[in-house]
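Just follow the structure's listing: the first ligand is 1, and inside any ligand the first atom is 1.
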Amino acid sequence: MTSTWTEPSDSPLTLLLLGKGTDPASERGVDCPGDLPAPSDPDLVARATAAKAALGDRVFVLGHHYQRDEVIQFADVTGDSFKLAQQAAARPDAEFIVFCGVHFMAESADILTTPSQRVILPDLAAGCSMADMAVLGQVETAWEHFQDLGITDQIVPVTYMNSSADIKGFVGRNKGVVCTSSNAKRALDWSFEQGSKVFFLPDQHLGRNTAVLEMGFDLDDCVLYDPHKPHGGLTDEQLINARMILWRGHCSVHGRFTIDSVREVRERVPGVNVLVHPECRHDVVRAADHVGSTEYIIKALDAAPSGSAWAVGTELNLVRRLALAHPDKQIMFLDRTVCYCSTMNRIDLRHLVWTLEELVAGRVPNVITVDEKTAHEARVALDQMLALP
Ligand code: SF4
């Protein structure tokens with residue numbers, strides 16, 4: 001059967017704005033130092049195949065769902081960020097973990113793997129704009145203000161997996177927990193058993209959507225802490241009364257879907273099912289028919305009946321791959337224009353070839369290392385997540 005997939009129209013402005021530039025002081029890292037093969041090299045696939053074969057079991061390649069197909073074809077396993085970190089931890093014999101994803105994911109893999117294993121990010125500029133929105137110094141400033149107000153003993157910090165190792169370490173140090181988009185409700189249920197407030201980092205939308213749509217909170221129970229304003233732009237009274245203190249962070253990719261995208265697709269495709277990721281804005285999630293993590297989206301489309309129509313609000317590489325895998329279903333992108341995660345997209349076949357060939361030559365490039373103290377504290381918060389009831 002032929003796929004019904006229609007490519008969204010290209011938007012250079014979108015690609016320019018999402019994940020633009022690099023900041024050496026941020027989670028995102030710095031530019032790749034290597035001599036990359038030319039993009040026109042017709043032998044890139046053969047070179048990657050040969051280098052990977054030469055390395056054999058010494059290398060384990062992880063591919064996040066949002067990676068390009070040209071990279072995914074060389075992944076030993078694909079998954080979301082947490083599944084990939086777990087997979088890395090389950091391969092203690094692999095000397096090199098090549099993480100085709102973004103910086104915070106490689107950090108999590110380094111935290112969970114053995115000290116002798118090296119975790120490698122093929123392009124150090126592959127960061128995450130959401131993770132970059134919560135910088136440790138800003139978060140500590142906020143916490144000091146909460147201390148001045150005398151409310152820290154009521155607050156449990158919760159950070160989404162999509163955060164730097166520093167932030168996970170802060171959360172572990174302050175008796176909090178890491179969550180993923182699959183277990184956010186369980187993490188919040190546990191947190192509200194430990195305290196009466198949650199400080200949710202860095203994705204305001206996942207925090208708000210989970211609290212309001214899954215736990216029955218009012219929007220008024222949530223306040224938005226803006227790190228660029230004094231005291232987060234909030235009064236003492238607002239902070240004292242809030243149940244959810246949401247960090248002002250968001251995903252630049254999922255934040256692009258709007259309520260108009262939902263209206264437009266419903267008019268264009270009668271009976272369409274709108275399926276979105278919880279990193280989307282609250283009004284978009286409310287207007288959708290289904291909401292769930294990347295793994296949920298994959299399973300929902302696998303199980304969907306033949307002939308059904310789906311408009312999917314998540315990263316474009318994944319939606320295209322799912323549409324091509326299910327030609328009997330009408331799977332489309334929720335927006336009319338392209339919406340890649342441009343930092344994920346930095347890892348292309350050239351970077352993978354360069355990385356693998358460097359390893360074959362006995363050089364280990366782009367190693368991601370988390371210092372021991374931070375790794376220990378971050379592991380406390382990750383272990384707490386694994387112990388969630
Ligand atoms: S899709 Fe969003 S949250 Fe995921 S890596 Fe890209 S910017 Fe970060």
Option whose closest heavy atom lies nearest to atom 3 (S) of ligand 1, chosen from Thr294, Asn162, Asp203: Asn162
Enumerated ligand 1 atoms positioned under 4.0 Å from heavy atoms of Cys341: 1 (S), 5 (S), 6 (Fe), 7 (S)
Minimum heavy-atom distance Phe74-Leu352, with the two atoms named: CB-CD2, 3.7 Å
From the candidates Cys251, Ser163, Gly255, the one that places a heavy atom nearest atom 2 (Fe) of ligand 1: Cys251
Atom of His65, atom of Leu318 and distance for their closest heavy-atom approach: O-CB, 3.8 Å
Salt-bridge contact Lys52-Asp76 (side-chain N to carboxylate O under 4.0 Å): yes
Heavy atoms of other groups near Asp57 CG, more than 12 under 6.0 Å: no
Flag for Thr180-Asn183: side-chain donor and acceptor within less than 3.5 Å: yes
Shortest heavy-atom approach to atom 8 (Fe) of ligand 1 - which of Ala126, Gly127, Cys128: Cys128
Enumerated ligand 1 atoms positioned under 4.0 Å from heavy atoms of Glu279: 3 (S)
Contacting atoms of ligand 1, where contact means under 4.0 angstrom from a heavy atom of Ser129: 7 (S)
